[in-house]
Amino acid sequence: KIASPFLFVRATVGGDRQGSLRPGERADGNVVFRNNLSQKIQNVTIALSFNENLVDLSSVRVERGFYDATRHSIVWNPASNKSLGELAPGEEGTLAFSFVVKGALPIRSFADKDFILPVKTSIDSGSPPAEFRGVSLKYQDAIEFKIESPLRLVSRATYHDSPVQNSGPLPPRVGQN
């Protein structure tokens, strides 16, 4: 039998759970959360993390939450969002966030390619109901977005000095010696 998680959280970016994002693009996202327990739950914390190397941190915007640099996550808790102080049985809500994908991707070698932006979301309670003490109520959700990268070409010119006498114009021209 498949059971629902005690607490549920699900993130989307641009209304999607997968897809691609372009460098420099603003990505608007939502987090849907729900209390699936038959009891009220208190002190709910929701955290959303992503790869900081691919996101312009100065562009992060959060509705009724904050970016916690020590946890490298967007956080919503009762201090920032009063509705998370207590969730009634079956109560659900939606949280909003946005960020801009970095315009210059961290490309340092030929191996730096196929960039993926994982978005991981978790929900937990610091005060579970008495009958759930010792039971983990934490639930996690993960989605991924490919980062479209522009084609970049690197050119290189070489010169070889041969012991054989060379002649002709540089750059070489057809029909000339």
Side-chain angles (χ1 to χ4, degrees), residues 4-108 112 115-130 132-149:
S4 296
F6 298 128
L7 298 173
F8 174 78
V9 68
R10 180 181 170 117
T12 58
V13 175
D16 297 318
R17 303 244 328 134
Q18 63 182 359
S20 63
L21 300 169
R22 290 182 307 280
E25 176 181 6
R26 174 162 290 284
D28 297 311
N30 288 308
V31 174
V32 174
F33 62 93
R34 182 175 52 249
N35 175 10
N36 289 328
L37 294 172
S38 57
Q39 297 89 0
K40 69 181 178 182
I41 193 89
Q42 295 179 325
N43 298 322
V44 173
T45 299
I46 298 170
L48 181 138
S49 63
F50 44 77
N51 185 337
E52 291 181 336
N53 293 327
L54 300 175
V55 173
D56 177 3
L57 295 181
S58 67
S59 72
V60 174
R61 302 288 178 260
V62 185
E63 181 182 297
R64 295 177 301 162
F66 59 94
Y67 183 78
D68 185 347
T70 59
R71 290 176 59 183
H72 308 288
S73 300
I74 293 174
V75 176
W76 293 272
N77 61 24
S80 65
N81 187 332
K82 302 247 184 272
S83 69
L84 296 175
E86 183 175 291
L87 292 179
E91 184 178 352
E92 63 180 59
T94 303
L95 305 167
F97 66 93
S98 69
F99 56 82
V100 173
V101 178
K102 281 188 178 176
L105 297 176
I107 299 173
R108 292 178 186 83
D112 294 332
F115 290 99
I116 302 285
L117 178 66
V119 178
K120 298 176 182 175
T121 314
S122 66
I123 185 170
D124 202 1
S125 170
S127 306
F132 289 95
R133 301 240 192 262
V135 175
S136 175
L137 301 180
K138 186 173 188 174
Y139 180 76
Q140 296 178 319
D141 176 60
I143 57 177
E144 289 184 341
F145 288 83
K146 295 178 181 181
I147 304 297
E148 298 173 10
S149 56

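Atoms considered below: every heavy atom in the structure, side chains included; atoms not considered: hydrogens, waters and symmetry mates. We number each residue from 1, following the sequence as shown.
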Does any non-hydrogen side-chain atom of I147 lie less than 4.5 Å from one of P23?
yes
Side chain proximity check, K146 to I116, heavy atoms < 4.5 angstrom
yes
Can you see which heavy atom on [X] is nearest to which on [Y], and at what distance?
X: L54; Y: P106; result: CD2-CD, 3.8 Å
X: S127; Y: R133; result: C-NH1, 4.3 Å
X: V13; Y: F97; result: CG2-CZ, 4.2 Å
X: S80; Y: F66; result: CB-CD2, 4.0 Å
X: R71; Y: A47; result: NH2-CB, 3.5 Å
X: I41; Y: L137; result: CD1-CD1, 3.4 Å

Report the residue from F33, F132, Y139 that forms a ring pair (Phe, Tyr, Trp, His ring centres under 6.0 Å) with F6.
F132
First locate atom [atom1] of [X], then atom [atom2] of [Y], and finally report the distance between them rounded to the nearest 0.5 Å.
X: I46; Y: S73; atom1: CD1; atom2: OG; value: 12.5 Å
X: L48; Y: L95; atom1: CG; atom2: CG; value: 9.5 Å
X: F115; Y: I107; atom1: CZ; atom2: CD1; value: 5.0 Å
X: L37; Y: S4; atom1: CG; atom2: OG; value: 10.5 Å
X: E25; Y: S20; atom1: CD; atom2: OG; value: 7.5 Å
X: N77; Y: L84; atom1: CG; atom2: CG; value: 7.5 Å

Using the rule given for side-chain contact (heavy atoms from CB on, under 4.5 Å), can you reason through D124 versus T45, listing the C-alpha separation, both sets of side-chain angles and the distance that settles it, and then say yes or no?
CA-CA 5 Å; D124 202 1; T45 299; 5.6 Å; no
Taking [X] for the side chain and [Y] for the main chain, is one N or O donor matched with an acceptor at less than 3.5 Å?
X: S59; Y: F99; value: no
X: N35; Y: A88; value: yes
X: D141; Y: A11; value: yes

Stepwise, does the side-chain contact (heavy atoms from CB on, under 4.5 Å) test hold for W76 with I123?
CA-CA 10 Å; W76 293 272; I123 185 170; over 6 Å; no
Quick one, F50 with H72, criterion side-chain contact (heavy atoms from CB on, under 4.5 Å). Give me CA distance, side-chain angles, the key distance, then yes/no.
CA-CA 8 Å; F50 44 77; H72 308 288; over 6 Å; no
Salt bridge (Lys or Arg N to Asp or Glu O under 4.0 Å): which pairs involve residues 45-69, sequence neighbours left out?
none
Considering only residues two or more places apart or on different chains, which pairs with a residue in residues 87-107 satisfy side-chain hydrogen bond (donor to acceptor under 3.5 Å, both in side chains)?
R26-S98, R34-E92
